[in-house]
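Working notes for the structure below.
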Amino acid sequence: MINNTGWRYPERKALACLPTPLQPLDRLSRQLGSGQRLWIKRDDLTGCAISGNKVRKLEFTLADALSKGVDTIITCGGVQSNHCRATALLGAQLGLNVHLILRGTPEEMEVLSGNVLLDVLCGAEIELHPAGYYSKNLKALADDALKRHEQQGRKPYWITTGASDAVGVWGYVKACEELREDFVRCSIVSPHIVCASGSGGTQAGLVAGNILHELGATVSGINVCDDEKYFLKKILADLKLWKKKYRLPFAVDEWKINVIDGYVGEGYAKASDELLAMIADMARMEGLILDPVYTGKAFYGLLSEIARGTFDDAEDIVFIHTGGIFGLQPYAEQLRAVLSQ
Ligand SMILES: *Cc1c(COP(=O)(O)O)cnc(C)c1O
């Protein structure tokens with residue numbers, strides 16, 4: 001599809017169950033009493049095992065990989081990475097070898113649960129490194145893995161953390177096509193769109209898609225690691241690479257990037273009892289399942305910001321449910337303790 005503003009999508013492999021529903025959270029909206037309507041874009045329903053936001057990016061990333069004739073995908077993330085799980089499953093589905101470079105301890109893999117259980121189940125090759133070593137040596141680890149597969153006569157392809165790069169931006173540009181239809185159908189005008197930001201690619205795509213598909217929305221990301229400064233830089237960098245790679249005519253430097261900082265808590269993937277209590281509240285009130293690493297923290301941030309009046313200028317607030325259900329399991333013991341208080 002080429003349109004009048006001079007851009008077109010690159011190749012895409014249809015892998016997600018689309019479109020996902022946009023649903024109102026009416027009981028919660030009433031309880032908040034701020035007069036605003038809260039909506040949820042159910043990207044946790046992009047599949048069953050392959051659920052969440054990563055598959056939207058991987059539709060473009062894996063199409064790029066397949067067009068290059070590769071047979072092996074190498075990527076990285078935490079032991080409970082949703083991105084690695086989605087890549088492992090999609091790799092198996094497409095007949096590709098998948099090699100995961102994971103950050104974590106052997107204890108975290110002792111009892112296989114959640115995402116890493118599925119990684120193992122579908123035959124991904126896994127190498128595990130402690131956090132400090134992983135962070136310091138990720139580039140070298142990736143280069144080593146690429147070289148090793150080449151030496152074995154394979155054709156490997158590297159996907160960066162969270163598939164958040166120039167190619168991955170397209171995933172949520174495309175999602176904005178769906179949002180445009182959702183907004184028309186539900187009479188939503190000038191909404192606030194809010195998502196969790198972990199590697200920035202979802203927000204980068206939403207920022208771009210908001211412009212390209214003329215949604216007229218305000219896009220904000222609530223960071224679940226690092227800080228505002230890091231994400232402003234990372235998201236702009238991804239948009240600039242995207243512009244350059246696809247020779248796009250957009251002034252990406254002028255696009256507004258909003259990062260709402262202050263909800264990381266004690267650190268990435270560290271959950272407070274208060275956070276788990278909110279997750280339980282939402283499950284009971286709306287049947288809404290959030291996870292303690294991404295969507296729960298962002299949703300907690302969203303509710304806090306609504307209470308502070310941050311979104312008072314909008315009638316509709318749309319939260320992107322980016323998935324993460326398999327990340328809930330490792331918190332089962334803490335959750336039990338919270339629920340029994
Ligand atoms: C990866 C992930 C995010 C963050 O998306 P990014 O594009 O990495 O910023 C949010 N929610 C869930 C459940 C995720 O797995």
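Indexing begins at 1, ligand by ligand and atom by atom, following the structure's order.
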(request) Could you tell me whether Q203 and ligand 1 have an N or O pair separated by under 3.5 Å? (result) no

(message) If we count only N and O atoms by modelled type, under 3.5 Å, do the side chains of S220 and H192 hold a donor and an acceptor together?
(response) no

(request) May I ask you to list the atoms of ligand 1 that are less than 4.0 angstrom from any heavy atom of N82? (result) 13 (C), 14 (C), 15 (O)

(message) Is there a side chain to side chain contact (heavy atoms under 4.5 Å, CB included) between V293 and Y331? Walk through the geometry before answering.
(response) CA-CA 10 Å; V293 185; Y331 298 83; 3.6 Å; yes

(message) Polar contacts were defined as any N/O atom of the residue lying under 3.5 Å from an N/O atom of the ligand; does this apply to H83 and ligand 1?
(response) no

(request) In plain terms, say whether K13 and E59 are close enough for a salt bridge, that is, a side-chain N and a carboxylate O under 4.0 Å apart. (result) no

(message) Between ligand 1 and G52, can you find any atom pair, the residue atom being a heavy atom, that is separated by under 4.0 Å?
(response) no

(request) May I ask you to check if K174 and F60 form a cation-pi contact, with NZ or CZ under 6.0 angstrom from the six-membered ring centre and within 45° of the axis? (result) no

(request) Around atom 11 (N) of ligand 1, find the nearest protein heavy atom and jot down its residue, atom name and distance. (result) T322 OG1, 2.6 Å

(message) Counting only nitrogen or oxygen atoms and a 3.5 angstrom limit, does T295 reach ligand 1?
(response) no

(request) Looking only at distances, please establish whether an N/O atom of ligand 1 is found under 3.5 Å from an N/O atom of S197. (result) no

(message) Using a 4.5 Å cut-off between side-chain heavy atoms of Ile, Leu, Val, Met, Phe, Trp and Tyr, which other residues end up in the same hydrophobic cluster as I101?
(response) I74, Y133, Y134, L138, L141, L146, W158

(request) Return a yes/no value for G162: is any of its N or O atoms, backbone included, closer than 3.5 angstrom to an N or O of ligand 1? (result) no

(request) Go through ligand 1 atom by atom and flag the ones less than 4.0 Å from a non-hydrogen atom of T202. (result) 5 (O), 6 (P), 7 (O)

(request) Please could you name the atoms of ligand 1 that G324 approaches to less than 4.0 Å, counting only its heavy atoms? (result) 13 (C)

(message) Checking H149 against D71: is there a side-chain donor and acceptor pair closer than 3.5 Å?
(response) no

(message) Does the residue K54 have a heavy-atom contact with ligand 1, meaning some pair of atoms that are separated by less than 4.0 Å?
(response) yes

(message) If the threshold is 4.0 Å, N to carboxylate O, is there a salt bridge linking K234 and D238?
(response) yes

(request) Evaluate the side-chain proximity of E178 to R56: yes if any heavy-atom separation is below 4.5 Å, no if none is. (result) yes

(message) List ligand 1 atoms under 4.0 Å from K57, heavy atoms only on the residue side.
(response) 6 (P), 7 (O), 8 (O)

(message) For R336, is there an ion pair with E333 - N to carboxylate O distance below 4.0 angstrom?
(response) yes

(request) Note the single closest protein heavy atom to atom 4 (C) of ligand 1, along with its residue, its atom name and the distance in Å. (result) G198 N, 3.5 Å

(request) Compute whether any side-chain donor of one residue and acceptor of the other, for S197 and Q203, lie under 3.5 angstrom apart. (result) yes

(request) If you have a sec, work out which protein heavy atom is nearest atom 5 (O) of ligand 1 and how many Å separate them, to one decimal? (result) N53 ND2, 3.0 Å

(message) Any nitrogen or oxygen of S199 lying under 3.5 Å from a nitrogen or oxygen in ligand 1? Just yes or no.
(response) yes

